[in-house]
Amino acid sequence: MVNKLFRQTTIPREYRSNFLHLYLDIGWYGVLSGSAISFLTIYAARIGATGFQIGLLGALSAAVNLFLAIPAGRWLETRHTGRAVFWAAIFYRIGYLPFIFLPQLLNEQGQIVAILIITFLMAIPLTPIGVGFNALFAEAVPVEYRAHVAGMRNVMLAITFMLTSLLSGYILDKVSFPTGYQIVFAIGALGAAMSSFHLYFVKPVQTDSLTPVPLPQPQVDTGKTAWSPRNLFSSLRMDIWKTPFRSVLLALFAFHFTQFLAVPIFPIYNVRVLQLNDDHIGIGTALFYLTVLLGSTQIRKLAQSFGNKNITGWSVAGLGIYPILLAISTSAPHFYMVSLLGGLVFAFVSGSYANYMLEYIPAHDRPSHLAWYTIILNAAVLIGSLGGPMIADFIGLSGALVLFGILRFLAGGFILKWG
């Protein structure tokens, strides 16, 4: 593993720097994810946040991204992709610093409001990251190495996420509340800074044989012409919906919608129904990413044998097992077993769906296509994050998890048949 990551003896020399920094970027992001990101919703649940408020954490970001995705795509077309993604990452990730100090500054309800406001502000630079990173990945990694790099990034993410989750759970178990959470948030801020640092060194590699085609530019006049329906239509790039990429967008909407329906329910269910402590949650998260690690080592081989679309469809369907089994769990050991299985399936989803999408995007027109993907992603996050808690209020947490699992099965079938 160390040989593959750092020596890269089988990788052409001109690609090694990009690959290494992409691995280290995701490795440090795993530190951020295994600490601040993973435990922010748990912290919110422990200080009294409702399911609707936890859903808002995802919905606010999604709402901002919906409005800014197309402008971000147009902006990225006129910028150096690597530098734009780097600076957007800096402004986004600096938002993790205030979480360290919230317990000292505000009462519990004030902290919940502050978390929502900070999340909203962080969503503004997050939009060009969401649009631009996939474009940067495509520019920096030749197509024949994308499955390999995606798999190795999953390995790095799994290792650092797993270790950080265990460390965070241990800290939260041994250090009094809320000081333990402040330490965990500080670890996350360090991971955010180092991840951004490595993004700076990822450079585009010109390997596409296609010559870039100039995209239609908006009118530069200050009169009514610039705001005519024709120019607005051109800026929105509605022509993309007349291409085969439309089916990919609809398929990925089905995936993300069913994915995020359940996301706000998990912390509430784990804390209030299973009554797991922070150490249990840290161990479960580590086990989840242990099997992400194991599964990620097989992504390249599976992609060559079955194709990214088939892996995506079957693994999205497989994700339906996680909420259903969680709904019938009654103890921490059950939670651990569900986490092991869920991580294995998630490895295949996360390592294949972006490559499946990139296969249908013209090399000369990535930003606009990825802007539309960002729109459907955030529409799914917005609707799912708000809809999941509302459904759970009507039919209960366990019933909602079973329903969301069934919907994930259907989403996987949709990708296989129509994606």
Any side-chain to backbone donor/acceptor pair from T291 onto F288? Under 3.5 Å, distance only. yes
For the residue pair Y289 and F346, establish whether any side-chain heavy-atom pair is separated by less than 4.5 Å. yes
Pairs meeting criterion salt bridge (Lys or Arg N to Asp or Glu O under 4.0 Å) with involvement of residues 189-205, two or more places apart: none
Mind telling me whether Y200 and F86 have parallel, tilted or perpendicular rings, with 30° and 60° as the class edges? perpendicular
Using a 6.0 Å cut-off, check whether atom CZ of F91 has over 12 heavy atoms from anything other than its own residue. no
Hey, mind stepping through Y15 and V141 against side-chain contact (heavy atoms from CB on, under 4.5 Å) and telling me if it holds? CA-CA 7 Å; Y15 305 144; V141 182; over 6 Å; no
Rounded to the nearest 0.5 Å, what separates atom CG in L57 from atom OG1 in T119? 5.0 Å
Do L40 and Y96 come within less than 4.5 Å of each other through their side chains, counting heavy atoms only? no
Matching residue for L401 among V273, L261, I265 - test: side chain to side chain contact (heavy atoms under 4.5 Å, CB included): I265
Is F120 atom CZ crowded by more than 12 heavy atoms from other residues, nucleotides or ligands, each under 6.0 Å away? no
What is the ring orientation for F253 with F257, classed by angle as parallel under 30°, tilted 30 to 60°, or perpendicular over 60°? parallel
Is the side chain of R153 donor-acceptor paired with the backbone N or O of G27 at a distance under 3.5 Å, no angle test? no
Gap between atom CE of M152 and atom CE of M156 - 0.5 Å precision: 8.5 Å
Short question: side chain of T160, backbone of W28 - any donor-acceptor pair under 3.5 Å? no
Side-chain donor or acceptor of T50 paired with backbone N/O of Q53 under 3.5 Å: yes
Test item: L252 and L377 side chains (from C-beta on) under 4.5 Å apart, heavy atoms: no
Please list, chain by chain and in numerical order, all residues satisfying salt bridge (Lys or Arg N to Asp or Glu O under 4.0 Å) with D279, sequence neighbours excluded. none
Checking side-chain contact (heavy atoms from CB on, under 4.5 Å) for the pair I187/I171: CA distance, chi angles, key distance, verdict? CA-CA 11 Å; I187 293 171; I171 290 170; 3.8 Å; yes
Heavy-atom neighbours of M337 CE exceed 12 at 6.0 Å: no
Can you confirm whether M194 sits close enough to L24 that some side-chain heavy atom of one is under 4.5 Å from a side-chain heavy atom of the other? no
Donor-acceptor under 3.5 Å (S329 side chain, L325 main chain): yes
Output a table of donor-acceptor pairs, distance under 3.5 Å, between side-chain atoms of residues 381-394 and any protein atom two or more places apart or on a different chain; print 'none' if there are none.
unit_1: S385; atom_1: OG; unit_2: V381; atom_2: O; d: 2.7

Separation between CG (L274) and CG (L397), nearest 0.5 Å, reads 10.0 Å
Please report the shortest heavy-atom distance between V85 and I129, naming the atom on each side. O-CG1, 4.3 Å
Less than 6.0 Å separating the ring centroids of F245 and Y360? no
Closest non-hydrogen contact found for P128 with I124 is CD-O, 3.3 Å
Start with the C-alpha distance between L20 and F201, add both sets of side-chain angles, then the distance that settles side-chain contact (heavy atoms from CB on, under 4.5 Å), and finish with yes or no. CA-CA 10 Å; L20 178 62; F201 296 99; over 6 Å; no
Report the C-alpha distance between I283 and L166 in whole Å, list the side-chain angles of each, state the deciding distance to 0.1 Å, and finish with yes or no for side-chain contact (heavy atoms from CB on, under 4.5 Å). CA-CA 6 Å; I283 293 171; L166 288 171; 4.0 Å; yes
Closest non-hydrogen contact found for G284 with S339 is O-CB, 3.2 Å
Acceptor/donor pairs from residues 405-419 side chains to any protein atom, 3.5 angstrom cut, sequence neighbours excluded:
unit_1: R408; atom_1: NE; unit_2: T258; atom_2: O; d: 3.2
unit_1: R408; atom_1: NH1; unit_2: L319; atom_2: O; d: 3.2
unit_1: R408; atom_1: NH2; unit_2: Q259; atom_2: O; d: 3.0

Is the distance between the ring centroids of Y29 and H198 under 6.0 Å? no
Between S35 (side chain) and L32 (backbone), is there a donor-acceptor pair under 3.5 Å? yes
Is it true that, when you exclude I94 itself, more than 12 heavy atoms of the residues, nucleotides or ligands shown sit nearer than 6.0 Å to its CD1? no
Measure up the F19 and Y23 rings against each other and bin them: parallel (under 30°), tilted (30 to 60°), perpendicular (over 60°). tilted
Would you tell me whether Y353 and H256 have side-chain atoms, one donor and one acceptor, within less than 3.5 Å of each other? no
F404 and F266: aromatic ring centres closer than 6.0 Å? no
Taking all non-hydrogen atoms of both residues into account, name the closest pair between V345 and S315 and its distance. CG1-O, 3.1 Å
CD1-CG distance between I90 and L199, expressed to the nearest 0.5 angstrom: 8.5 Å
Using a 3.5 Å distance criterion without hydrogens, assess whether the side chain of R366 forms a donor-acceptor pair with backbone atoms of I361. no
Any idea how F137 and F133 line up, ring-wise: parallel (<30°), tilted (30 to 60°), or perpendicular (>60°)? tilted
Can you list every pair that meets side chain to side chain donor-acceptor pair (under 3.5 Å) and has a residue in residues 184-196, with sequence neighbours left out? D25-S195, R93-S195, R93-S196
How would you list, by chain and number, every residue that makes a side-chain hydrogen bond (donor to acceptor under 3.5 Å, both in side chains) with Y43, sequence neighbours excluded? Q111
Which residues pass the side-chain hydrogen bond (donor to acceptor under 3.5 Å, both in side chains) test with N18, sequence neighbours left out? none
Return the set of residues passing side-chain hydrogen bond (donor to acceptor under 3.5 Å, both in side chains) with T285 (not counting sequence neighbours), or none when no residue passes. none
Applying side-chain contact (heavy atoms from CB on, under 4.5 Å), name anything that partners A186, two or more places apart in sequence or on another chain. I100
As an exercise, state the distance from CD1 of I54 to CD1 of I268, rounded to the nearest 0.5 Å. 3.5 Å
Note: A379 and L66 closest approach over all heavy atoms is N-CD2, 3.7 Å
How many angstroms lie between CG in L157 and OG1 in T164, if you round to the nearest 0.5 Å? 9.5 Å
Exercise: identify the closest heavy-atom pair between S61 and A123: CA-CB, 3.5 Å
Examine the side chains of T312 and S352 and answer whether a donor and an acceptor come within less than 3.5 Å of each other. yes
What residues form a side-chain hydrogen bond (donor to acceptor under 3.5 Å, both in side chains) with Q298, not counting sequence neighbours? none
Qualifying residues under side-chain contact (heavy atoms from CB on, under 4.5 Å), relative to S247, sequence neighbours excluded: none
In terms of ring plane angle, is the pair Y181 and F39 parallel, tilted or perpendicular, where the classes change at 30° and 60°? perpendicular
Which residues satisfy the side-chain contact (heavy atoms from CB on, under 4.5 Å) test with I117, sequence neighbours excluded? V113, L121
